[in-house]
Amino acid sequence: MRGIALMATGMFMFSAVDTMAKFLTDTIHPFQIVWCRQLGLLIGVFILVGLRGRSVLVSANPKLQIGRGALAAVSATLFIIGVKFVPLADAVAITFVAPFMVTVLGALVLREPVGIRRWTAVIIGFVGTLIVIRPGLGVLHPAAGLLVIAASAFALRQILSRILAGGDGAATTVAYTAIVSCALLTVPMLFVWETPDTGIEIALLVAMAVLAAFGETLVIMALDAAQAVVVAPLQYSLLIWGTIYGYLVFGQLPDAWTWLGALIIVATGIYTLNRERLALRRAGKV
């Protein structure tokens, strides 16, 4: 229960971060926004190092960790650019395609066994995503494609996480991700940086960084307190918060087709996670 509570709170904070990022895209360049967001994660890592010591920074496979950090920079940047043009709840729903991509990539890259039930869930989940995006109908801005690419980059990050899990802990992986992504994003940020004009913009950038740091810390604590397959479904609460924030801040609500697609994605995603939990239980890891 402690792990579930920590993960739920972390998701609430991440949704607030996404909302502030979308609000800021009207006046601030996405590179600058995502850099501030990743800076918050870096602050979270400093807190982690302070609590656990510099052993957190010792990796058995630093090259893969650097690659994962680069993917984090790509996925975060594309999400911020995409959410500038796409309603928040719709953007969140599209990114939920990532777990299905993880299943596909796990089968192709890691040679993980995937049964007919999970393949069926993947196919149905992709159908749900198509219902949300409705390509060719002009319902969503073409930037929705960037969100799909962002989800793909996130899925590749998850695959690298599985490879790294044998030698590095979750805290080490998060530390490298924050350090590498922030370092890479510093270069383009320097070319677009503009000092915020208003106190509200400065306050939102600071709040976004702080909440991102706290959110990341809470997720790490949740993964320490409970199995990943137990707390992972809480990620879907992002859709609830995204809808609430989208309505309160931007006056945007998903249409009926988006709700249908999102429900299909969530249902098949939870089913896939449950199949993974059962597989781990049979293997004696849960």
Please indicate whether [X] has more than 12 foreign heavy atoms, meaning atoms of other residues, nucleotides or ligands, lying under 6.0 Å from its [atom1].
{"X": "Ile202", "atom1": "CD1", "result": "yes"}
{"X": "Phe126", "atom1": "CZ", "result": "yes"}
{"X": "Trp119", "atom1": "CH2", "result": "yes"}
{"X": "Phe23", "atom1": "CZ", "result": "no"}

Side chains of Asp168 and Thr173 only: does a donor on one sit below 3.5 Å from an acceptor on the other? no
Anything under 3.5 Å between a donor and an acceptor, one on a side chain of residues 68-85, the other on a protein residue two or more places apart or in another chain? List them.
| unit_1 | atom_1 | unit_2 | atom_2 | d |
| --- | --- | --- | --- | --- |
| Arg68 | NE | Arg157 | O | 3.4 |
| Arg68 | NE | Ser161 | OG | 2.7 |
| Arg68 | NH1 | Thr177 | OG1 | 2.5 |
| Arg68 | NH2 | Ser161 | OG | 3.1 |
| Ser75 | OG | Leu71 | O | 3.1 |
| Ser75 | OG | Ala72 | O | 3.1 |
| Ser75 | OG | Arg157 | NH1 | 3.4 |
| Thr77 | OG1 | Ala73 | O | 2.7 |
| Lys84 | NZ | Thr25 | O | 2.7 |

Can you find a pair of side-chain heavy atoms, one from [X] and one from [Y], that are under 4.5 Å apart?
{"X": "Asp90", "Y": "Gln252", "answer": "no"}
{"X": "Leu6", "Y": "Arg2", "answer": "yes"}
{"X": "Leu239", "Y": "Ile265", "answer": "no"}

Apart from [X] itself, residues in the same hydrophobic cluster as defined by side-chain heavy atoms under 4.5 Å:
{"X": "Ile47", "result": "Ile43, Leu51"}
{"X": "Tyr176", "result": "none"}
{"X": "Leu184", "result": "Ile66, Val180"}

Taking ring-ring contact (aromatic ring centres under 6.0 Å, His included) as the definition, give me every residue that meets it alongside [X], ordered by chain and number, with sequence neighbours left out.
{"X": "Phe31", "result": "His29"}
{"X": "Phe46", "result": "none"}
{"X": "Phe12", "result": "Trp241"}

To the nearest 0.5 angstrom, please state how far the [atom1] atom of [X] sits from the [atom2] atom of [Y].
{"X": "Leu238", "Y": "Thr243", "atom1": "CG", "atom2": "OG1", "result": "10.5 Å"}
{"X": "Leu204", "Y": "Thr198", "atom1": "CG", "atom2": "OG1", "result": "8.0 Å"}
{"X": "Ile33", "Y": "Met208", "atom1": "CD1", "atom2": "CE", "result": "6.0 Å"}
{"X": "Ile131", "Y": "Thr258", "atom1": "CD1", "atom2": "OG1", "result": "10.0 Å"}
{"X": "Leu164", "Y": "Ile159", "atom1": "CG", "atom2": "CD1", "result": "11.5 Å"}

What residues form a side chain to side chain donor-acceptor pair (under 3.5 Å) with Thr120, not counting sequence neighbours? none
Heavy-atom pair with the smallest gap, counting every atom of [X] and [Y]:
{"X": "Ile163", "Y": "Leu64", "value": "CG2-CD1, 3.7 Å"}
{"X": "Leu211", "Y": "Ala16", "value": "CD1-CB, 4.1 Å"}
{"X": "Gln32", "Y": "Met189", "value": "CA-CG, 4.1 Å"}
{"X": "Gly67", "Y": "Leu160", "value": "C-CD1, 4.1 Å"}
{"X": "Cys36", "Y": "Leu205", "value": "SG-CD2, 3.9 Å"}
{"X": "Ile264", "Y": "Gly128", "value": "CG2-CA, 3.9 Å"}

Pairing residues for Leu39 by the side-chain contact (heavy atoms from CB on, under 4.5 Å) criterion, not counting sequence neighbours: Trp35, Leu42, Cys182
Could you note down all residue pairs passing side-chain hydrogen bond (donor to acceptor under 3.5 Å, both in side chains) where [range] supplies at least one of them, sequence neighbours left out?
{"range": "residues 36-48", "answer": "Gln38-Ser181"}
{"range": "residues 13-23", "answer": "none"}
{"range": "residues 201-210", "answer": "Thr27-Glu201"}

In terms of hydrophobic clustering (I, L, V, M, F, W, Y; side-chain heavy atoms under 4.5 Å; direct or indirect links), are [X] and [Y] co-clustered?
{"X": "Ile94", "Y": "Phe250", "result": "yes"}
{"X": "Met20", "Y": "Ile200", "result": "yes"}
{"X": "Trp193", "Y": "Leu190", "result": "yes"}
{"X": "Phe154", "Y": "Val97", "result": "no"}
{"X": "Val45", "Y": "Val58", "result": "no"}

